[in-house]
Amino acid sequence: ARLRGTLSEEASSAPRLSQGLAEALELEQALHGALEREEFHLHYQPQLDLESGQVVAVEALLRWRHPRWGDLSPARFVPLLESLGLIQPVGAWVLEQACRQCVAWEGVGLGVAVNLSARQFLDPGLFTLIERVLGDTGVDPGRIELEITERLAMQEPEAAVELLGRCRALGLKVAIDDFGIGYSSLEYLQHFPLDVLKIDRAFVATVTRGRRARAIVRAVTVMGQSLGLTVIAEGIETQRQCDFVEALGVDQVQGYLIGRPMAAPSLEALLRAFEPPGGVS
Ligand code: C2E
Ligand code: MG
Ligand code: MG
Ligand code: MG
């Protein structure tokens with residue numbers, strides 16, 4: 001009876017499974033060549049400094065516009081790019097594009113943060129790529145920030161410390177992304193060369209509702225700042241959340257309230273809206 005139960009369960013899920021497979025295969029096929037067909041582009045999401053009230057940096061977020069399916073979430077296709085071995089060329093494109101955009105925004109003085117995934121980070125060619133892109137674009141390295149997650153950093157901690165140290169020696173900044181939801185080990189904070197700590201939006205989502213979330217955000221902020229890091233709260237969607245994290249001492253905020261990830265021209269329009277009227281008062 002048990003065997004039959006298992007079999008019928010498999011049988012009933014078979015059409016769904018094969019549908020999923022067909023879709024995954026189609027997605028894979030489409031990803032090959034997406035770079036050549038120029039289907040990727042970057043969106044930029046503003047990071048607001050709470051003390052100055054200025055947008056000081058943006059996070060570059062990869063977008064893939066498939067001619068038939070439209071925009072697809074990177075949460076869905078970045079893992080696929082990784083498993084297909086396509087993350088290197090696409091990642092290189094992202095870095096180059098972000099650096100070029102940063103140069104174009106030199107007058108505005110915006111920093112640009114770039115996400116790195118595990119495969120990219122563990123690629124022995126990454127440092128050479130970074131050096132090349134910095135050289136080719138002539139970007140001020142101090143304006144470029146590399147975002148890595150805790151999980152990624154902890155995969156090969158010694159190698160990570162070494163690589164991040166070399167990147168910082170070039171003048172680049174390093175951010176720890178999605179802080180607090182990975183396999184957090186505070187131990188690495190002792191050794192990791194970092195500049196920025198981004199508190200995951202899971203904490204922001206509950207900060208207005210519970211003392212515990214507030215206690216965590218406050219403690220993480222104090223810890224980060226004591227380590228000399230800039231602390232950013234991610235996923236700020238409401239003014240109330242923004243007020244709360246500001247009261248808890250966070251340095252910068254990023255989220256839909258300040259601005260959604262958007263194409264460069266829209267970002268420039270948003271920047272104008274944040275400019276103090278009539279210059280510095
Ligand atoms: P992430 O680096 O943590 O990026 C922040 C994500 O949160 C983005 O999702 C952003 O659109 C979303 N977000 C920002 N503000 C809010 C908010 O107020 N509320 C909510 N609910 N969400 C908000 P997105 O663009 O879908 O990217 C998802 C993830 O994909 C990123 O998470 C990052 O890990 C990865 N990713 C994106 N671009 C790249 C890239 O160029 N290279 C690599 N390796 N990974 C990337
Ligand atoms: Mg990020
Ligand atoms: Mg994040
Ligand atoms: Mg995230």
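Ligands are counted one by one from 1 in listed order, and the atoms in each one are counted from 1 as well. Numbering of residues begins at 1 and proceeds along the displayed sequence.
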Give a yes/no verdict on whether any heavy atom in [X] is under 4.0 Å from an atom of ligand 1.
{"X": "R260", "result": "no"}
{"X": "K198", "result": "no"}
{"X": "E234", "result": "yes"}

Should L61 be counted as touching ligand 1, given the test is an N or O pair under 3.5 Å? no
Is E147 close enough to the Mg ion (ligand 2) that one of its N, O or S atoms comes in under 2.8 Å? yes
Look only at the side chain of E162 and the backbone of E158, and say whether a donor-acceptor pair between them is shorter than 3.5 Å. no
Main-chain N/O of F127 paired with R166 side-chain donor or acceptor, under 3.5 Å: no
For ligand 1, which atoms sit closer than 4.0 Å to a heavy atom of [X]?
{"X": "E59", "answer": "1 (P), 2 (O), 4 (O)"}
{"X": "S117", "answer": "44 (N)"}
{"X": "Q45", "answer": "14 (C), 15 (N)"}
{"X": "P74", "answer": "24 (P), 25 (O), 26 (O), 27 (O), 28 (C), 30 (O), 37 (C)"}
{"X": "E237", "answer": "17 (C), 18 (O), 19 (N), 20 (C), 21 (N)"}
{"X": "Q120", "answer": "44 (N)"}
{"X": "V94", "answer": "41 (O)"}

Pick one of side chain, backbone, both or neither for how [X] approaches ligand 1, counting any non-hydrogen atom pair under 4.0 Å.
{"X": "P261", "result": "side chain"}
{"X": "D178", "result": "side chain"}
{"X": "I236", "result": "backbone"}

Salt-bridge criterion met for [X] and [Y] (N-O under 4.0 Å):
{"X": "R65", "Y": "E39", "value": "no"}
{"X": "K173", "Y": "E147", "value": "no"}
{"X": "R100", "Y": "E96", "value": "yes"}

Tabulate below the donor-acceptor pairs under 3.5 Å that side-chain atoms of residues 208-221 make, not counting sequence neighbours, or state none.
unit_1	atom_1	unit_2	atom_2	d
R209	NH1	A205	O	3.4
R214	NH1	V207	O	2.9
T221	OG1	V217	O	2.6

Could you work out, for [atom], the closest of [options] by heavy-atom distance?
{"atom": "atom 7 (O) of ligand 1", "options": "R201, R63, Q241, Q97", "answer": "R201"}
{"atom": "atom 43 (C) of ligand 1", "options": "L81, V253, N115, I87", "answer": "N115"}
{"atom": "atom 40 (C) of ligand 1", "options": "T238, L116, L42, L62", "answer": "L62"}

Under a 3.5 Å cutoff, is there a donor and acceptor pairing between the side chains of H191 and E187? yes
Should we say atom CD of E51 is surrounded by more than 12 heavy atoms from elsewhere, each under 6.0 Å from it? no
Write the atom name of the N, O or S atom in E234 that is nearest the Mg ion (ligand 3). OE2
Tell me which N, O or S atom of D178 sits nearest to the Mg ion (ligand 3). OD1
Side chains of S52 and F274: does their closest heavy-atom pair fall under 4.5 Å? no
Contact between L80 and L86 at the side-chain level, heavy atoms closer than 4.5 Å - yes or no? no
Students often mix this up, so state it plainly: with edges at 30° and 60°, are the rings of Y44 and W105 parallel, tilted or perpendicular? perpendicular
Going by the side-chain hydrogen bond (donor to acceptor under 3.5 Å, both in side chains) test, which pairs reach into residues 110-122, not counting sequence neighbours? E59-N115, E82-S117, S117-Q120
Is the distance from the Mg ion (ligand 3) to the nearest N/O/S atom of D177 under 2.8 Å? yes
Could you tell me the separation between the CG atom of L62 and the CG atom of L81, rounded to the nearest 0.5 Å? 7.0 Å
At the Mg ion (ligand 2), what's the angle from E59 OE2 to N115 OD1, rounded to 10 degrees? 90°
